[in-house]
Amino acid sequence: MPKTKSDEYTFVSPAVKYLLFFFNMIFWVIALILISIGVYSRIVKHETALACLTVDPALLLMIVGILMFFITFCGCVGSLRENICLLQTFCIILTIIFLLQLVAGVLGFVFSDKALGKVTKMVNNAIKHYRDDIDLQNLIDYGQKQFNCCGGISYLDWSQNMYFNCSKENPSRERCSVPFSCCLISKEEAVINTMCGHGVQELEYLAAGAFINTNGCIDKMVNWIHSNLFLLGGIALALAIPQLVGIILSQILINQIQDQIKLQNYNQQHRSDPWS
């Protein structure tokens, strides 16, 4: 039986279909890169790094990469194969993530004191494991340099680390010291003195201020957030827009596929009807 015009007509827009496919393909590649970096970082690390999995940047990269890979895989295959099940999975997961981010932002703003307590606990945990993980060490050093700070609440927080602990029983050569990233470094210095923070925990606050940044990083971060609310809002919007685009495109494609299925069912019934 020759095809009619209704058989050739399709509700599925190629523009929406391939736009959603390439949109997911970009983030799929990014996910693979994140997973690769995370796996490589875990492989090259020393075994002692396993003691600090809760604050391991490499592990966080792997988790984010795997989650993104699964979501974008559903989006890529679902759009290319016009599979409603995969597209619905993609849309639902993306919607849940978007709502969780929104709820987390609202709760973080409403319960800012409790959120600050959680951040303080996380920072203290990171300080304890400073020497256990080279990635974590580099991350802390970078943060202390950028914010010109030292420790969580103050430079004395570094006594929580077994190497920098200021107790008399501590045999470490770094006893009562702080990392070099806490130090006041002049731009004129060609060579950085990595021992500049040696013994500063034994000094009074004002005396230590002549050698290191004595203010904690948490207060500095809070002040930075208050001063850059528009920038953070722009970043949040930049993260939200791709998610909303993915949700809208996937829902449009799902509706188009469902309409196409209804048209095909109608055509089959029409052809099989002897009275038509």
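Note that this is a predicted model, so its numbers are computed, not measured.
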Do any pairs count as a side chain to side chain donor-acceptor pair (under 3.5 Å) and have a residue in [range], sequence neighbours left out, and if so which ones?
{"range": "residues 91-103", "value": "Gln101-Gln243"}
{"range": "residues 218-239", "value": "none"}
{"range": "residues 12-36", "value": "Lys17-Glu82"}

Original post:
Which pairs pass salt bridge (Lys or Arg N to Asp or Glu O under 4.0 Å) with one or both residues in residues 245-268, sequence neighbours excluded?
Top reply: none
Original post:
What pairs meet the salt bridge (Lys or Arg N to Asp or Glu O under 4.0 Å) rule with one or both residues in residues 228-244, with sequence neighbours excluded?
Top reply: none
Please enumerate all residues that pass side chain to side chain contact (heavy atoms under 4.5 Å, CB included) together with [X], with sequence neighbours excluded.
{"X": "Ile26", "value": "Ile30"}
{"X": "Leu237", "value": "Ile241"}
{"X": "Phe230", "value": "none"}

**OP:** Go through Trp158 and Tyr130 one step at a time and tell me if the side chain to side chain contact (heavy atoms under 4.5 Å, CB included) criterion holds.
**Re:** CA-CA 9 Å; Trp158 280 102; Tyr130 176 76; 3.5 Å; yes
Original post:
Looking only at heavy atoms, which two atoms of His129 and Asn161 are closest? And how far apart?
Top reply: N-ND2, 4.4 Å
**OP:** Write down the atom of Val12, the atom of Gln260, and the distance for their closest heavy-atom approach.
**Re:** CG2-CB, 4.2 Å
**OP:** Return yes when atom CZ of Phe70 has more than 12 non-hydrogen atoms of other residues, nucleotides or ligands closer than 6.0 Å, and no otherwise.
**Re:** no
Original post:
Would you find more than 12 non-hydrogen atoms of other residues, nucleotides or ligands less than 6.0 Å from Phe147 atom CZ?
Top reply: yes
Original post:
Considering residues at least two apart in sequence or located in another chain, which fulfil the ring pair (Phe, Tyr, Trp, His ring centres under 6.0 Å) criterion with Phe211?
Top reply: none
Original post:
Under the ring pair (Phe, Tyr, Trp, His ring centres under 6.0 Å) test, which residues partner Phe23, sequence neighbours left out?
Top reply: Phe27
Original post:
disulfide (SG to SG under 2.5 Å): which pairs involve residues 132-163, sequence neighbours left out?
Top reply: Cys149-Cys217, Cys150-Cys182
**OP:** List for me each residue that meets side-chain hydrogen bond (donor to acceptor under 3.5 Å, both in side chains) alongside Ser181, sequence neighbours excluded, and say none if there are none.
**Re:** Asp141, Gln144
**OP:** Evaluate the ring planes of Tyr155 and Tyr205, with Trp represented by its six-membered ring, and classify them as parallel (under 30°), tilted (30 to 60°) or perpendicular (over 60°).
**Re:** tilted
**OP:** Show the numbers, then the answer: is there a side chain to side chain contact (heavy atoms under 4.5 Å, CB included) between Asp157 and Val123?
**Re:** CA-CA 10 Å; Asp157 289 339; Val123 170; over 6 Å; no
